[in-house]
Amino acid sequence: MSLKTEALTGGFAEPVFHAQSVFKMLMDGMARPGTIQTVQPDVAPPVPLGIAAGAIALTLCDHDTPVWLPQGLAKSAVSEWLGFHTGAPLTTEKAEARFAFTEAGTALCPFSLFASGTQEYPDRSTTLIIQLPELEGGRRLALMGPGIQSVTEVAPVGLPETFLRLWTENRALFPRGIDIVLTSATRFLCLPRTTKITATEI
């Protein structure tokens with residue numbers, strides 16, 4: 001399939017219905033951090049953008065939301081696919097992005113490089129979508145905070161060692177800071193900035 005064809009296909013079959021369905025899952029995921037959600041709509045974004053990450057992009061991105069992509073994604077058909085299906089402009093400035101996507105297996109830059117909002121408008125921040133090989137079977141992390149009864153455990157595979165330090169720095173900015181969505185294949189889980197994350201003892 002040519003890059004051009006790839007960019008024009010693979011969107012939601014029923015855009016309004018499917019976007020509403022994914023949006024509801026995202027809201028539920030943000031309200032209940034660490035809960036794994038499975039995307040139902042059949043989307044086919046260009047590699048290396050996964051199905052869940054692609055569905056989230058189709059749901060949240062529009063012509064008012066600048067998107068930042070790392071080099072690997074920006075050079076692929078993903079940038080044209082996003083432009084065609086959502087109208088979202090690409091930005092090379094992390095601090096201007098409303099949404100940012102990473103490839104699985106890439107290093108994370110400091111979260112402080114992204115928009116963290118202001119005290120008056122903390123929602124004017126970046127939501128970072130991190131693609132991972134798997135959401136279960138990795139290093140166990142304990143989540144605490146709003147929306148979690150006591151403690152929720154998650155065990156994503158492929159989060160870099162620096163993640164916990166970066167996240168602690170991010171939480172210190174509250175009510176400012178970024179929110180994160182971890183995705184793998186058709187599944188995702190949300191980590192809002194209010195969530196405290198610690199490594200659990202094995």
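In this structure, I56 is a member of the same hydrophobic cluster as L90, with clusters built from ILVMFWY side-chain heavy atoms closer than 4.5 Å. Hydrophobic clustering, with ILVMFWY side chains joined whenever heavy atoms are under 4.5 angstrom apart, groups F99 together with M27. Clustering ILVMFWY residues whenever any of their side-chain heavy atoms sit less than 4.5 angstrom apart, transitively, puts L159 in a cluster other than the one holding I129. Transitive grouping of hydrophobic side chains (ILVMFWY, heavy atoms separated by less than 4.5 Å) brings I51 and L58 into a common cluster. Transitive grouping of hydrophobic side chains (ILVMFWY, heavy atoms separated by less than 4.5 Å) brings F23 and L82 into a common cluster.
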W68/F101 under ring-ring contact (aromatic ring centres under 6.0 Å, His included): CA gap, chis, key distance, verdict: CA-CA 7 Å; W68 178 83; F101 294 81; 9.6 Å; no
Please evaluate residues R193 and S125 with respect to the criterion side chain to side chain donor-acceptor pair (under 3.5 Å), reporting the C-alpha separation (whole Å), side-chain torsions for both, the decisive distance (0.1 Å), and the verdict. CA-CA 11 Å; R193 68 194 77 175; S125 59; 2.7 Å; yes
L128 vs V181, test: side-chain contact (heavy atoms from CB on, under 4.5 Å). Steps then yes/no. CA-CA 6 Å; L128 176 61; V181 183; over 6 Å; no
Between S112 and E169, is a side-chain contact (heavy atoms from CB on, under 4.5 Å) present by the stated rule, with each step listed? CA-CA 8 Å; S112 56; E169 291 168 2; 5.6 Å; no
Walk me through it: do L69 and S79 pass the test side-chain contact (heavy atoms from CB on, under 4.5 Å)? CA-CA 8 Å; L69 298 175; S79 55; 4.0 Å; yes
Applying side-chain contact (heavy atoms from CB on, under 4.5 Å), run through I130 and L108 and close with a yes or a no. CA-CA 9 Å; I130 299 175; L108 293 176; 3.9 Å; yes
Audit row: S116, R176, side chain to side chain donor-acceptor pair (under 3.5 Å) steps and yes/no: CA-CA 5 Å; S116 56; R176 296 161 58 236; 2.9 Å; yes
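Heavy-atom contacts from other residues, nucleotides or ligands closer than 6.0 Å to CD of Q71 number 12 or fewer. No more than 12 heavy-atom neighbours from other residues, nucleotides or ligands sit within 6.0 angstrom of NZ on K196. Residue-environment remark: CD (E153) exceeds the threshold of 12 foreign heavy atoms within 6.0 Å.
Distance check: R171 CZ to L191 CG gives 11.5 Å after rounding to the nearest 0.5 Å. The OG1 atom of T183 lies 9.0 Å from the CG atom of L189; values are rounded to the nearest 0.5 Å. Rounded to the nearest 0.5 angstrom, T38 OG1 and R187 CZ are separated by 5.5 Å. Expressed to the nearest 0.5 Å, how far CG of D179 lies from CZ of F111 amounts to 11.5 Å. Put simply, CG on L113 and CD on E93 are 10.5 Å apart, with the number rounded to the nearest 0.5 Å. Note that CE of M25 is 12.0 Å distant from CD of Q20, once rounded to the nearest 0.5 Å.
Note: W167 and F163 have parallel aromatic rings, judged against thresholds of 30 and 60 degrees for the angle between ring planes.
By the 4.5 Å heavy-atom criterion applied to side chains, C190 and P33 are not counted as neighbours. Contact of the T127 side chain with the I180 side chain is not registered, since no non-hydrogen atoms from C-beta on lie closer than 4.5 Å. Annotation: side chain of I148 is in contact with side chain of T195 (closest heavy-atom distance under 4.5 Å). Here the side chains of L182 and L135 are in contact, with some heavy-atom distance below 4.5 Å. With contacts defined as side-chain heavy-atom distances shorter than 4.5 Å, the pair T91/V67 does not qualify. Side-chain contact between P48 and S76 is present, with at least one heavy-atom pair separated by less than 4.5 Å. The shortest side-chain heavy-atom distance between L143 and T198 does not fall under the 4.5 Å cut-off.
A salt bridge between D28 and R32 is present, with a side-chain N of the basic residue lying under 4.0 Å from a carboxylate O of the acidic one.
Panel note: side chain T126, backbone A97; a donor-acceptor pair is recorded below 3.5 Å. No donor-acceptor pair under 3.5 Å is formed between the side chain of N170 and the backbone N or O of G177.
Scanning both residues, H63 and P89, for their nearest heavy atoms gives O-CD, 3.6 Å. Residues P156 and L132 approach most closely at CB-CD1, 3.6 Å, considering heavy atoms. Closest approach of Q119 and L173 over heavy atoms only: OE1-O, 4.4 Å. The shortest non-hydrogen separation linking P110 to L166 is CA-CD2, 3.7 Å. Scanning both residues, W81 and A44, for their nearest heavy atoms gives NE1-O, 4.2 Å. A pairwise comparison of heavy atoms in A53 and L49 identifies CB-CD1, 3.8 Å as the closest pair.
Counted by atom type alone, R139 and T200 present zero donor-acceptor pairs between their side chains at under 3.5 Å.
A cation-pi geometry, defined here as NZ or CZ lying under 6.0 Å from the six-membered ring centre and within 45° of its normal, holds between R124 and Y121.
Paired with L60 under the rule side chain to side chain contact (heavy atoms under 4.5 Å, CB included), one option of L26, T65, V22 passes, and it is L26.
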